[in-house]
Amino acid sequence: QVQLVESGGGLVQAGGSLRLSCVASGSIFSINAMGWYRQAPGKQRELVASATSGGSTNYADSVRGRFTISRDNAKDTVYLQMTSLKPEDTGVYYCNADVRRLAWVNKYEDYWGQGTQVTVSS
């Protein structure tokens with residue numbers, strides 16, 4: 001199986017910064033995309049940012065210019081540097097990875113972390 005473990009969430013004042021980390025472990029042959037999603041109370045889970053193994057990135061309009069996603073492919077780790085945080089960034093942040101588990105099976109599966117809470121106070 002594959003496990004994703006997030007860390008780095010917490011409480012921060014508006015305008016502050018946080019850095020989230022997510023490490024993938026277990027039966028992993030390769031990882032295609034890794035990304036961060038968030039879910040605010042009463043709202044649907046939404047994509048925040050994603051990055052492919054080749055370095056292409058994608059951001060939600062609401063975070064572009066404030067958040068930066070990066071990966072360490074050798075460590076199966078993805079980071080999310082969040083700056084200029086706003087109260088509307090509050091939510092549970094989930095790590096997601098598109099994982100190929102077996103070398104002889106060309107199949108990618110979606111895995112999720114347990115989530116880490118980010119709270120931005122005004």
Side-chain angles (χ1 to χ4, degrees):
Q1 278 295 345
V2 175
Q3 298 81 37
L4 302 181
V5 179
E6 302 108 331
S7 60
L11 173 63
V12 64
Q13 289 188 333
S17 299
L18 282 175
R19 188 189 193 216
L20 305 183
S21 300
C22 171
V23 181
S25 63
S27 177
I28 298 172
F29 174 71
S30 66
I31 301 177
N32 185 10
M34 296 186 80
W36 292 94
Y37 289 71
R38 68 186 179 193
Q39 187 165 20
K43 294 188 177 182
Q44 289 189 331
R45 190 175 298 188
E46 62 176 356
L47 174 68
V48 175
S50 65
T52 67
S53 57
S56 297
T57 58
N58 182 43
Y59 293 94
D61 289 342
S62 59
V63 308
R64 190 174 288 112
R66 299 188 297 121
F67 291 9
T68 302
I69 189 170
S70 59
R71 286 178 60 167
D72 184 334
N73 291 329
K75 296 181 179 179
D76 291 335
T77 299
V78 63
Y79 306 96
L80 185 68
Q81 179 67 50
M82 304 185 292
T83 63
S84 302
L85 282 161
K86 304 176 181 180
E88 50 263 43
D89 294 318
T90 294
V92 180
Y93 283 67
Y94 296 92
C95 177
N96 173 266
D98 198 24
V99 178
R100 179 177 172 179
R101 295 178 56 199
L102 302 171
W104 56 90
V105 179
N106 187 15
K107 176 183 177 183
Y108 284 85
E109 298 170 291
D110 236 16
Y111 290 89
W112 293 88
Q114 79 287 352
T116 185
Q117 177 70 44
V118 171
T119 303
V120 184
S121 62
S122 57

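FYI, side chains are in, hydrogens and waters are out, and symmetry mates aren't considered; it's all heavy atoms of this structure.
- Once rounded to the nearest 0.5 Å, the distance linking CD of Gln1 with CD1 of Ile28 reads 11.0 Å.
- Nearest heavy-atom pair across Ser84 and Asp89 is O-OD2, 4.4 Å.
- Taking 4.5 Å as the limit, some side-chain heavy atom of Trp112 sits within range of a side-chain heavy atom of Arg45.
- Between the side chain of Thr52 and the backbone N or O of Ala33, no donor-acceptor pair lies under 3.5 Å.
- The CG atom of Leu4 lies 8.5 Å from the CD atom of Gln114; values are rounded to the nearest 0.5 Å.
- Phe67 is listed as a side-chain neighbour of Leu85, based on a closest heavy-atom distance under 4.5 Å.
- Residues Tyr111 and Arg101 meet the side-chain proximity criterion, which asks for heavy atoms closer than 4.5 Å.
- How far CG of Asn96 is from CD of Glu6: 10.0 Å, rounded to the nearest 0.5 Å.
- Heavy atoms only, all atoms of each residue included: Leu18 and Gly8 are closest at CD2-O, 3.8 Å.
- Other residues, nucleotides and ligands contribute only 12 or fewer heavy atoms inside 6.0 Å of the CD atom of Gln13.
- Residues Asn58 and Leu47 form a side-chain contact, since some pair of their non-hydrogen atoms from C-beta on lies under 4.5 Å apart.
- Contact annotation: the side chain of Met82 never approaches that of Val48 to less than 4.5 Å [non-hydrogen atoms, C-beta and beyond].
- Salt bridge status for Arg64 with Asp61: present, with a side-chain N to carboxylate O gap under 4.0 Å.
- The distance from atom SG of Cys22 to atom CD of Gln3, rounded to the nearest 0.5 Å, is 11.5 Å.
- Remark: side-chain polar atoms of Thr90 are paired, donor with acceptor, to backbone N or O of Val120 under 3.5 angstrom.
- Side chains of Thr119 and Gln117: a donor on one and an acceptor on the other come within 3.5 Å.
- Rounding to the nearest 0.5 Å gives a distance of 11.5 Å between OG of Ser53 and CZ of Arg100.
- In this structure the side chain of Ser25 never reaches within 4.5 angstrom of the side chain of Val5, judged on heavy atoms.
- Looking at Val99 and Glu109, their side chains never come closer than 4.5 Å, going by heavy atoms from C-beta outward.
- Counted by atom type alone, Arg38 and Tyr93 present one or more donor-acceptor pairs between their side chains at under 3.5 Å.
- Separating the CE atom in Met34 from the OG atom in Ser50 is a distance of 11.5 Å, to the nearest 0.5 Å.
- Of the N and O atoms on the side chains of Tyr79 and Thr68, not one donor lies less than 3.5 Å from an acceptor on the other residue.
- Under a hydrophobic-cluster definition in which Ile, Leu, Val, Met, Phe, Trp and Tyr are linked whenever side-chain heavy atoms come within less than 4.5 Å, directly or via other members, Tyr94 and Trp36 are assigned to different clusters.
- Put simply, Ile69 and Leu20 are part of the same group of oily side chains (I, L, V, M, F, W, Y) that touch within less than 4.5 Å, one to the next.
- No single ILVMFWY cluster, assembled from side-chain heavy atoms under 4.5 Å apart, contains both Val2 and Tyr37.
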